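Encoded as structure tokens, the structure appears first; notes follow it.
It should be emphasised that the depicted structure is a prediction, and the values quoted were computed from it without experimental measurement. Index from 1, following the sequence.
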Amino acid sequence: MKVSVVIPCYNEEPVIMKTYEEVRKVMLENNYDYEIVFVDDGSKDRTLEILKDIASKDDNVVVVSFSRNFGHQPAVSAGIKHSTGDVAVIIDADLQDPPNVIPEMIKIHLEQGANVVYGVRRERKGESFFKKFTAKAFYRLLNLLSDVKFPLDTGDFRLIDKKVIEEFKKLKERDKYIRGLISWMGFKQVPIYYDRNPRFAGETKYPLKKMLRFALTGIFYFSDKPLKLATTLGFITTFIGLALAVYVILVRLINPSQAIPGWASTMITIIFMGGIQLITIGIIGKYIGNIFDEIKGRPEFIVKELIKKKD
């Protein structure tokens, strides 16, 4: 059995050599037939230079280099598509997900016939309370909104077998939420629990802005409930508007002396209705934007250079 280890990289100069050494050590200690597929996502530091040097010395290393920065999910997607193993293990380059968990993943795959073995984080060391809280809240919100149930407290760290790899290659979405797509596929999926480490070196590649964009991709690509919510809000605000109109008419008819010119109440109503309309338009606009991105048919990523041993 051949094992492909897929490692997306973006500006990982301080850690990438250590990552390579740790993954290679695990592969050799367990006597696996293996390849390590590094995907350089348009790094601006020496990451690609280091990867090329590694590949020149190790025939088990494949380097996929993007023409620019396309993002973490396209990098993972490229790694899966260029893998040739019977199983592929997706792991980030920052060593937060420990490579020594990989043999246990492979063991579960072989003994239980699992098509997917996904990592569940028992503990997230070195991360702020805000990041831990928002991550937990996101996964629970996504499950609430989506028709497909996703495992909680997971990332992209997982093993997928040949069946899942082949089905993944058929997916046409440009803006992928990979952990969601793999859950959506079905097959036999088994968790493995582990403690997540702090970053070995470097800075996080998911600041708040990217985390929010990633969360929106997960929600809007796997659920139409926000659209239903927008419709519900439309009915609620229409009902409130009609109720206010009836109230004003009754006050005028029953007791005209109590009728209030109503500047404040009018402004509150306008602001409330306007806010609901803008939220609704924003939700619809997000879905339309997703459709626009997909129908353009542009590639998910562009490979500038592919470095691997010659067969």
Residues in side chain to side chain contact (heavy atoms under 4.5 Å, CB included) with [X], at least two apart?
X      : answer
Ser56  : Asp53
Ser43  : Tyr10, Asn11, Asp40, Asp45, Thr47
Tyr193 : Val120, Arg122, Pro191
Asn60  : Tyr34, Asp58

**Message:** Please evaluate residues Met1 and Val87 with respect to the criterion side-chain contact (heavy atoms from CB on, under 4.5 Å), reporting the C-alpha separation (whole Å), side-chain torsions for both, the decisive distance (0.1 Å), and the verdict.
**Reply:** CA-CA 8 Å; Met1 183 182 73; Val87 298; 4.2 Å; yes

**Asked** Of all residues at least two apart in sequence or in a different chain, which pass the salt bridge (charged side-chain N to carboxylate O under 4.0 Å, His left out) check with Lys52?
**Response** Glu305

**Request:** List for me each residue that meets salt bridge (charged side-chain N to carboxylate O under 4.0 Å, His left out) alongside Lys107, sequence neighbours excluded, and say none if there are none.
**Result:** none

Examine distances only and state if a side-chain atom of [X] and a backbone atom of [Y] form a donor-acceptor pair shorter than 3.5 Å.
X      : Y      : value
Asp41  : Cys9   : no
Glu13  : Leu48  : no
Ser77  : Pro74  : no
Glu12  : Asp94  : no
Thr19  : Ala93  : yes
Ser4   : Ala88  : no
Gln189 : Ala114 : no
His82  : Ala78  : yes

**Message:** To the closest 0.5 Å, what do you measure between CD1 (Ile54) and CE (Met17)?
**Reply:**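 Going from CD1 on Ile54 over to CE on Met17, the span is 4.0 Å.
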
**Request:** For Lys163, look at atom NZ and say whether over 12 heavy atoms of other residues, nucleotides or ligands are found less than 6.0 Å away.
**Result:**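 No, because the 6.0 Å sphere around NZ of Lys163 holds 12 heavy atoms or fewer from other groups.
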
**Item:** Greater than 12 external heavy atoms within 6.0 Å of Lys25's NZ
**Value:** no

Test side chain to side chain donor-acceptor pair (under 3.5 Å) applied to [X] - qualifying residues, sequence neighbours left out:
X      : value
Tyr194 : Asp97
Glu49  : Arg46
Gln112 : none
Lys170 : Glu167

**Prompt:** Are Ile36 and Val62 grouped together when hydrophobic residues (ILVMFWY) are joined by side-chain heavy atoms under 4.5 angstrom apart?
**Reply:**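 Result: no, two separate clusters.
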
**Prompt:** Any chance the side chains of Asn100 and Glu22 put a donor and an acceptor closer than 3.5 Å?
**Reply:**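 Glu22 and Asn100 do not have a side-chain donor-acceptor pair below 3.5 Å.
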
**Asked** Quick one: ring pair (Phe, Tyr, Trp, His ring centres under 6.0 Å) pairs with a partner in residues 11-32, sequence neighbours left out?
**Response**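 Passing the test, one end in residues 11-32: no pairs.
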
**Asked** With sequence neighbours left out, which residue pairs that include part of residues 78-92 fulfil the salt bridge (charged side-chain N to carboxylate O under 4.0 Å, His left out) condition?
**Response** Lys81-Glu300

**Prompt:** Quick one: which of Val164, Ile182, Asp161 gives a side chain to side chain contact (heavy atoms under 4.5 Å, CB included) with Phe187?
**Reply:**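 Single side chain to side chain contact (heavy atoms under 4.5 Å, CB included) partner of Phe187 among Val164, Ile182, Asp161: Val164.
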
